[in-house]
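Chain naming here is simple, since letters A, B, ... match the order of the sequence lines and numbering starts at 1 in each.
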Amino acid sequence: MDSKNSVQKDFIREIINKDLKTDKYDGRVHTRFPPEPNGSLHIGHAKSICLNFGIAQEYGGKCNLRFDDTNPAKEEKEYVKSIIEDVKWLGFDWEGRLFFASDYFNQMYDYAVQLTKAGKAFVDDLNAKEISEKRGTLTKPGINSPYRDRSAEENLDLLERMKAGEFADGEKVLRAKIDMAHPNLNMRDPVVYRVLHASHHNTGDKWCIYPMYDWAHGLEDSIERITHSLCTLEFENHRPLYDWFLIQIGVYRPQQIEFARLNLTFTVMSKRMLLELVEGKYVHGWDDPRLPTISGMRRRGYSPASIRNFCSRIGIAKVNSIVDFEFLEHCVRDDLNKTAPRFMGVLHPLKVVIENYPEGKVEEFEAVNNPEDSKAGTRKIPFSKELYIEREDFMEDPPKKFYRLTPGREVRFRYSYLVTCKEAIKKNGEVVELICNIDPETRGGYAPDGRKVKSTIHWVSAAYAIDADVRLYDRLFTVEDPAGQKDADFKDFLNPDSLQILKSCKVETSIKDLKPLDRFQFERLGYFCIDSDTTKDKIVINRTVTLRDTWAKLQKQQMNK
RNA sequence: AGCCCCGUAGUGUAGUGGUCAACAUAAGAGACUCUGGAUCUCUAGUCAUCAGUUCGAAUCUGAUCGGGGCUGCCA
């Protein structure tokens, strides 16, 4: 994939280069991707996955897949499965190093005992509300808990009894003893263990106390001998705690480095909001193609390569930024243009009868499967008297710069003939059928006299076309930053037209040989893929993204005039 | 308000004291084309501001302004 002397040089790789030079970690590079199994992965996670696994590949290092499953109240086995599938689909390999934070619960507890024995932790009887009240504020220091000065022996006894299940949820916590006046709130005697009588997806009912993130995460990294622990910006203020714990216990200490999470226009990226959309049925599940989830994007037709490429092209930095959704679309088009086989399909069919073409005659024309890939070969497509073309490709009274079919005008029907429209048949004012003539001399689409036509349009033979449902997707929200709207619910900005279902579209016969998730291009329309709802009797197609459409842009400009 | 982080074309990144500040994308103009696709040209920046150091500053220093994060027994 990427070479070792990669030109990429973001600030993280710079740090790694320096660490390699100074031999800080004996020349090792070992990262990890640590999702919490409490939701589906999204494109923001993909950024982290590409960063962590990408760095490991570039430096000849390793990257672990580790589930940070320290909170049984929110986590589910289902998510573990889907996350594994997503990382694999994106094209990364953890080489068997699949770990769980819960694998280390015993060791984490032993370390907590060590910390307590050293007088660096205490058991607090205060409840959550009282702890919060005594924490102080951004400007005012906190107040010590009245239980802060218990003896190490008493704390140890209490901790053991917490573990043994003698206390109810919330009755007691283990807290680190740091500094209630610390300007960094995270250092004001943070909670290390809480009592939680909940069944864990991995450890079952073995535990009734569970470690907090700040305590657990550094230990997980340390145990796995991670060199560079990459996380998002909001953990910046946690780094002093991360370091503090590991220093107190006296174990191997990785370097935590924070980078900015990914934001995309016209969508939301928070797990909470995504969950709300899924559970509130605003979308059809985690893999709804309108969602920025990996599973949604997969179903929508995004290729793993396009997502990887996007992640590498947006770069890594510490500034909060919001990437244009259009850039992601550019990356899919870029990849699919090179890889997707072409077909012809008509989304809004308009019947065309070729007046001077014999009834019952069928000719086969050779079509190029992918002009960007000569190895993709060609295929035969049937031409006959009755055809369908795109309704948009005909206008009775066209504006300037409309090059397509219009009464009296000749255009090319791709790969077949030059065709002239003779008459538009109307019913109740609506054009329902076109009567056209071909020039028999232009067989194959070339005029012997060298005359040019302004446009080439796609078509399918009425007799050979098959029907399909096509699902068109638009942006999920109507505003660039739905999550950032003041005094408003992000759901108020849901786009009511984000999904449009087209019935009885007419597509090339060969589409029926495609399997779910197969990606392809309908010429002149966009990139599509077969949806998993496809059955023997019904083909369902998703539109991944339209082609760049300069005509649509022109129309928009004219409208604005 | 305390602490921490960050300000380079519309957007996302590069640039780490020395030619006209680079690349991508978007936008605009044009060329080419059997996809109005792809491809190819051209067009764009008060480097947040001010002051300093220096022969020379986007880069170093200071101040100011602006943006973000932090007060879960979430991660």
Side-chain angles (χ1 to χ4, degrees), chain A residues 7-10 14 34-36 38 68-71 73-75 124 126-129 131-133 135-142 169-175 182-188 190-196 209-210 212-214 216-217 231-240 258 260 265 271-272 313-327 329-331 333-334 337-338 342 344 367-368 371-372 401-404 411-416 418 444-446 452-458 521-526 546-554 557:
Chain A
V7 283
Q8 275 219 47
K9 224 181 81 186
D10 51 69
E14 253 174 60
E36 186 192 8
N38 70 342
D68 206 359
D69 54 351
T70 56
N71 187 357
K74 289 186 177 179
E75 295 151 5
D124 200 344
L126 256 30
N127 63 36
K129 193 164 168 261
I131 289 181
S132 164
E133 283 163 2
R135 186 156 22 232
T137 67
L138 265 12
T139 46
K140 272 188 268 160
D169 288 5
E171 202 178 329
K172 280 186 170 43
V173 288
L174 181 72
R175 287 229 259 168
H182 200 108
N184 181 343
L185 287 291
N186 296 125
M187 300 297 274
R188 320 243 257 229
V191 173
V192 173
Y193 268 97
R194 76 277 215 189
V195 178
L196 221 52
I209 58 171
Y210 291 93
M212 297 291 291
Y213 169 86
D214 287 308
H217 204 88
C231 63
T232 45
L233 250 29
E234 67 269 27
F235 292 105
E236 224 157 10
N237 291 335
H238 293 247
R239 181 159 23 97
E258 312 84 13
T265 56
K271 270 191 198 176
R272 193 207 93 219
R313 295 227 266 161
I314 54 174
I316 300 292
K318 298 191 76 159
V319 261
N320 292 298
S321 58
I322 181 156
V323 176
D324 284 337
F325 187 78
E326 290 83 355
F327 187 62
E329 296 201 321
H330 162 80
C331 290
R333 291 191 184 110
D334 194 40
N337 175 47
K338 288 177 266 182
R342 319 275 132 129
M344 291 205 280
V368 174
E372 302 291 319
K401 296 202 175 169
F402 180 87
Y403 301 145
R404 282 110 96 147
V411 300
R412 178 185 294 107
F413 276 30
R414 183 138 227 225
Y415 297 124
S416 60
L418 298 192
Y446 296 94
K452 299 267 193 234
V453 289
K454 276 284 215 180
S455 77
T456 298
I457 66 173
H458 62 277
Q521 183 193 103
F522 273 141
E523 294 217 23
R524 303 210 309 130
L525 297 177
T546 60
L547 250 34
R548 257 186 72 201
D549 192 345
T550 37
W551 167 239
K553 213 159 36 181
L554 260 172
Q557 276 175 12

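A donor and an acceptor atom sit less than 3.5 Å apart, one in the side chain of A/E372 and one in the base of B/G37. A donor-acceptor contact under 3.5 Å links the side chain of A/Q521 to the base of B/U35. Interface remark: the A/R548 side chain does not form any donor-acceptor pair with the B/G36 base, using a distance-only criterion of under 3.5 Å. Below the 3.5 angstrom threshold, one finds a donor paired with an acceptor across the side chain of A/D324 and the base of B/G10.
Distance NE2/A/H217 to CD/A/E36: 11.5 Å, rounded to 0.5 Å. How far CZ of A/R548 is from CD of A/E326: 12.5 Å, rounded to the nearest 0.5 Å. Note that NZ of A/K553 and OG1 of A/T550 are 6.5 Å apart. Values are rounded to the nearest 0.5 Å.
Distance CD (A/E236) to P (B/C6): 7 Å, rounded to an integer number of Å. Between the OH atom of A/Y403 and the P atom of B/G37 there is a distance of 11 Å, given to the nearest Å. The distance from atom CZ of A/R188 to atom P of B/G2 is 14 Å, rounded to the nearest whole Å. A/M187 has its CE atom 15 Å from the P atom of B/U71, to the nearest Å. Between A/K9 atom NZ and B/U13 atom C1' the separation is 14 Å, expressed in whole Å. Computed from coordinates, the A/D214 CG to B/C73 C1' distance equals 12 Å when rounded to whole Å. Between the C1' atom of B/A1 and the CG atom of A/L185 lies a distance of 13 Å, rounded to the nearest Å. Atom-to-atom, NZ of A/K454 to P of B/U35 comes out at 14 Å; the value is rounded to the nearest Å.
Of the side-chain N and O atoms in A/K129, none sit less than 4.0 angstrom from OP1 or OP2 of B/C73. A sub-4.0 Å separation between OP1 or OP2 of B/C74 and a side-chain N or O of A/R194 is present. Within the 4.0 Å cut-off from OP1 or OP2 of B/U13, at least one side-chain nitrogen or oxygen of A/S321 is found. A close approach under 4.0 Å does occur between a side-chain nitrogen or oxygen of A/T70 and OP1 or OP2 of B/A75. One finds no side-chain N or O of A/R175 lying less than 4.0 angstrom from the OP1 or OP2 phosphate oxygen of B/G72. Checking the phosphate oxygens (OP1, OP2) of B/G36, no side-chain nitrogen or oxygen of A/R404 falls inside 4.0 Å. The phosphate of B/G72 has OP1 or OP2 within less than 4.0 Å of a side-chain N or O from A/S132.
For the strand RNA chain B, secondary-structure stems (runs of at least three Watson-Crick or G-U pairs, all distances below 3.5 Å) span B:2-7 with B:65-70, B:10-13 with B:22-25, B:27-31 with B:39-43, B:48-52 with B:60-64.
Considering only side-chain atoms of A/M212, the nucleotide from B/G37, B/A75, B/U16 that sits closest is B/A75. Residue A/L138 places its side chain closer to B/U71 than to any other of B/U71, B/G36, B/U35. Comparing B/G28, B/U13, B/G12 by their nearest atom to the side chain of A/I314 picks out B/G12. For A/V319, the listed nucleotide lying nearest its side chain is B/U13; candidates were B/G28, B/U13, B/U25. Distances were taken from every side-chain heavy atom of A/K74 (C-beta onward) to each of B/A26, B/C74, B/C3; the shortest belongs to B/C74. When distances run from any side-chain atom of A/V323 to the nucleotides B/G36, B/A1, B/G12, the shortest one goes to B/G12. The side chain of A/K553 approaches B/G28 more closely than any other nucleotide in the set B/G28, B/G69, B/C74. The listed nucleotides are B/A24, B/U71, B/C74; the one nearest the side chain of A/T137 is B/U71. Residue A/E14 has its side chain nearest to B/G15 when only B/A75, B/A24, B/G15 are considered.
Stacking here means ring centres nearer than 5.5 Å and ring planes tilted less than 30 degrees, and by that measure A/Y213 does not stack onto B/A75.
Residue contacts for A/P371: at a heavy-atom cut-off of 4.0 Å it reaches a base atom on one of the strands shown. A/Y415 comes within 4.0 angstrom of a base, heavy atoms only. Residue contacts shown for A/N320 are limited to sugar-phosphate atoms, with no base heavy atom under 4.0 Å away. Residue A/R135 is in sugar-phosphate contact alone, with no base atom involved, counting any heavy-atom pair closer than 4.0 Å across all strands shown. If you check every strand for non-hydrogen atoms under 4.0 Å, A/V173 touches a base. A/I322 comes within 4.0 angstrom of sugar-phosphate atoms only, judged by non-hydrogen atoms across all strands, and of no base. When heavy atoms are screened at a 4.0 angstrom cut-off, A/H238 is found touching base atoms of the nucleic acid. If you check every strand for non-hydrogen atoms under 4.0 Å, A/F235 touches a base. Within 4.0 Å of A/F522, counting heavy atoms only, lies no atom of the nucleic acid at all. Within the nucleic acid shown, A/F327 comes within 4.0 Å of sugar-phosphate atoms alone, with no base atom in reach, counting heavy atoms only. Contacts of A/L174 with the nucleic acid, taken as non-hydrogen atoms under 4.0 Å apart, are absent. Here A/I131 lies in heavy-atom contact (under 4.0 Å) with a base.
Straight-line distance between the P atoms of B/G56 and B/U43: roughly 32 Å, to the nearest whole Å. As rounded to the nearest Å, B/A51 and B/A57 have C1' atoms that lie 13 Å from one another. With P as the reference atom, B/C65 and B/A29 are 43 Å apart, rounded to whole Å. Going from the P atom of B/G45 to that of B/A22 covers 11 Å, rounded to whole Å. Rounded to a whole angstrom, the distance from the C1' atom of B/G18 to that of B/C60 is 15 Å. Of the C1' atoms belonging to B/G28 and B/A9, the separation is 14 Å, rounded to the nearest Å. The separation of B/U54 from B/U64, taken at their P atoms, amounts to 24 Å, rounded to a whole angstrom. Using C1' as the reference atom, B/A63 and B/A26 are 37 Å apart when rounded to the nearest Å.
A/T70 approaches A/Y210 most closely through the heavy-atom pair O-CB, 3.5 Å. For A/L418 against A/G445, the heavy-atom pair with the smallest separation is CD2-O, 4.0 Å.
Along RNA chain B, the nucleotide closest to A/N127 and the one closest to A/R342 are compared, and the more 5′ of them pairs with A/R342. Nearest-nucleotide positions on RNA chain B place A/N184 closer to the 5' end than the other of A/A552 and A/N184.
Remark: of the listed residues A/I131, A/L126, A/V192, A/N127, A/I131 is the sole one forming a side chain to side chain contact (heavy atoms under 4.5 Å, CB included) with A/V173.
Using cut-offs of 30° and 60° for the angle between ring planes, the A/H330 and A/F327 rings count as parallel.
Remark: A/E236 pairs with A/K318 by the salt bridge (Lys or Arg N to Asp or Glu O under 4.0 Å) rule, at least two apart or across chains.
For B/G72, the O4'-C1' to base torsion is within 90° of 0; the nucleotide is therefore syn.
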